[in-house]
Amino acid sequence: MNDSPLALLGGTPAVSAPGPHFTWPPITEADRQAVARQLESAVSIPDRSGVVADLEDALASYLGVRHVVTTCTGTAALHSMYAAAGIGPADEVLVPALTFHATATPLFHLGAHPVLADINDRGQLDLEDAARRITARTKAVVAVHLWGLPEDMDALISFADDHELMLLEDGSHAHGATWNGRHTGTFGTASAFSLNGPKPLSAGEGGFVATDDTDLYYRVLLHGQYNKRCRREIPATHPLARFAVTGMGLKLRIHPLAAALAHTQLTRLENHLAGRQAVAARMRTALDGVPGIRVPHVPVSARPSWYALPLRYEPAELGGLPIERFLEALHAEGATEADVPGSTCPLHTHPLFQTPGALLPGYADGQRQPADTFPASDHVHAATLKLPVWHHENDVDLADAYTTAITKVATHAKDLL
Ligand SMILES: *Cc1c(COP(=O)(O)O)cnc(C)c1O
């Protein structure tokens, strides 16, 4: 196979299966029935009952937390988490500079400031850089388990303790990932997850907040659930109970049909993760030592969710071949779902983070430190190639074809120079 010329130059493609090669979530008869049943029982649920209660109970028990509140999106879950954590005007929250923007954007709607910190070469928060950015107003630090690879939670917990910061988590890539056997999303005071379409656990659209802190849970309810949920779940004797009817005035409920899908998907999550783990191990083995390609390091403490397989591209080993050209050749080989990260990119490159005041009047003074640079975030982002990680044994051939395609392009790179 590798003796064939590159498909881009007229050879036979390494991947012959027609696309699409990866679709998510996998929909089964059980999903169809669950959603159809839900359609007959309730399409609007104003309290914690029915499928909403079932999903929240199942998530809480799966993660091992006391409270879970579902939301309409992961962005809404992050918003509720920050609001409930008491983050407010002029507060600062440390956020990795390389993440999906919604890790940070809800802070703008609380009058708070996301303070970007650079990452290290492994794509994790650079704690030295983060420490330099702490001020008297810094309230919290957010762990993002990018692509489902858990952050070093031992290091983050000591960092948060040393600097007296609240530790929060965005688990949107990392449902079911673990660090030292404990689920990501259970290390911080609270965590927020997306249940959006491609995420490891999918409702189509949805999200949730998880916490052991009962007061914080009441505030999550007050932020986006209001009236019945608040009246039924916040004890009448609690000082916040008098706000139950309006809450903080937002409505961020999950749709029951989405909850039904997530609920049946959750019963298969461990299966999906075990499948992904096996395929990811196979792909990493196949790609280990391929020139120009570095497979991610996985610490022994970590069980990733493998939301994607992020590869580091090292053009210097391939005569300086630009990543765009490498990807073009890869697509010509039929590996059409190999990709470079799109919207998950260094946040300081977004106009919203450069001049938030142009859209949000409270930020008219602009960015705090306009001269900030985030070289590692820029570099890691520009040098990441990402592959889907399949979970089903029927897809092993496809995974092999993708790694063969990468090996082929890497070993023929000189033909493209
Ligand atoms: C998807 C995602 C979000 C936002 O979730 P939505 O459900 O799309 O609102 C937030 N953070 C990260 C890291 C994400 O990947």
Side-chain angles (χ1 to χ4, degrees), residues 24-25 55 59 68-83 85 87 93-110 114 116-117 119 123-125 140-151 156 167-177 183-185 187-188 190-210 220 223-224 250-255 257-259 261-262 265-266 304-310 339-347 349-350 352-353 377 380-381 384 386 388-389:
W24 198 261
L55 174 58
L59 286 167
V68 165
V69 179
T70 47
T71 55
C72 53
T73 62
T75 307
L78 285 150
H79 194 181
S80 289
M81 173 181 77
Y82 292 131
I87 307 292
V93 176
L94 293 166
V95 178
L98 181 60
T99 179
F100 183 67
H101 59 76
T103 302
T105 49
L107 293 165
F108 287 125
H109 300 273
L110 294 165
L116 309 184
I119 57 169
Q124 304 188 313
L125 194 65
V141 56
V142 190
V144 181
H145 313 285
L146 208 63
W147 310 122
L149 288 150
E151 281 276 350
L156 262 162
L167 177 59
L168 299 170
E169 293 177 76
D170 179 350
S172 298
H173 290 186
H175 315 67
H183 278 116
T184 53
F187 291 89
S191 62
F193 288 76
S194 169
L195 295 172
N196 183 236
K199 302 296 161 73
L201 178 64
S202 179
E205 295 289 355
F208 65 92
V209 180
V220 169
H223 185 251
L250 297 179
K251 182 183 183 187
L252 306 174
R253 279 182 211 153
I254 195 169
H255 195 293
L257 298 182
L261 178 59
Q265 289 282 322
L266 179 57
S305 65
W306 296 116
Y307 179 46
L309 178 65
D339 203 1
V340 292
S343 55
T344 297
C345 69
L347 300 187
T349 62
H350 293 298
L352 179 65
F353 288 81
S377 299
V380 168
H381 175 67
T384 297
K386 120 186 135 54
V389 180

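Note that the coordinates shown come from a computational prediction; the quantities given were computed from them, not determined experimentally. What's counted below: heavy atoms across the whole structure, side chains too, no hydrogens, waters or symmetry copies. If you read the sequence from its start, that first residue is 1, and numbering goes on from there. Start at 1 and go down the list; that is how both ligands and their atoms are numbered.
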Could a heavy atom of [X] be found less than 4.0 Å from some atom of ligand 1?
X	answer
Leu146	no
Lys199	yes
Gly206	yes

Any donor-acceptor pair under 3.5 Å from [X] side chain to [Y] backbone:
X	Y	result
Ser305	Ala177	no
Asp170	Phe193	no
Glu169	Gly188	yes

Can you tell if the side chain of [X] reaches within under 4.5 Å of the side chain of [Y], non-hydrogen atoms only?
X	Y	value
Leu59	Leu201	yes
Phe108	Leu352	yes
Lys251	Cys72	no
Leu309	Trp147	no

Describe, in one word, how the ring planes of His173 and Tyr307 are oriented to each other, choosing from parallel (under 30°), tilted (30 to 60°) and perpendicular (over 60°).
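Judged by the thresholds at 30° and 60°, the geometry between His173 and Tyr307 is tilted.
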One residue to check: Thr344. Relative to ligand 1, which of side chain, backbone, both or neither has a non-hydrogen atom less than 4.0 Å away?
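Neither part.
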At a non-hydrogen distance cut-off of under 4.0 Å, which region of Asp170 contacts ligand 1 (side chain, backbone, both, or neither)?
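Side chain only.
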Which atoms of ligand 1 sit under 4.0 Å from any heavy atom of [X]?
X	result
Gly74	5 (O), 6 (P), 7 (O), 9 (O)
Leu78	10 (C)
Thr73	7 (O), 9 (O)
Ala102	4 (C), 10 (C)
Asn196	7 (O), 8 (O)
Thr103	11 (N), 13 (C)

Within the structure, does Val144 bring an N/O atom to less than 3.5 angstrom of an N/O atom in ligand 1?
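No; every N/O pair is 3.5 Å or more apart.
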Please say whether Thr99 places an N or O atom under 3.5 Å from an N or O atom belonging to ligand 1.
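Min N/O separation from ligand 1 is not below 3.5 Å for Thr99.
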Which of the listed options, Phe100, Phe193, Trp147, holds the heavy atom that is closest to atom 3 (C) of ligand 1?
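Minimum heavy-atom distance to atom 3 (C) of ligand 1 goes to Phe100.
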Which residue holds the protein heavy atom closest to atom 9 (O) of ligand 1, what is that atom called, and what is the gap in Å?
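Its nearest protein heavy-atom neighbour is Thr75 OG1, 2.5 Å.
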Gap separating the CD atom of Glu205 from the NE2 atom of His255, nearest 0.5 angstrom:
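That separation rounds to 11.5 Å.
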Inter-residue atom distance Phe100.CZ - Thr105.OG1, 0.5 Å rounding:
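If we round to the nearest 0.5 Å, Phe100:CZ and Thr105:OG1 are 7.5 Å apart.
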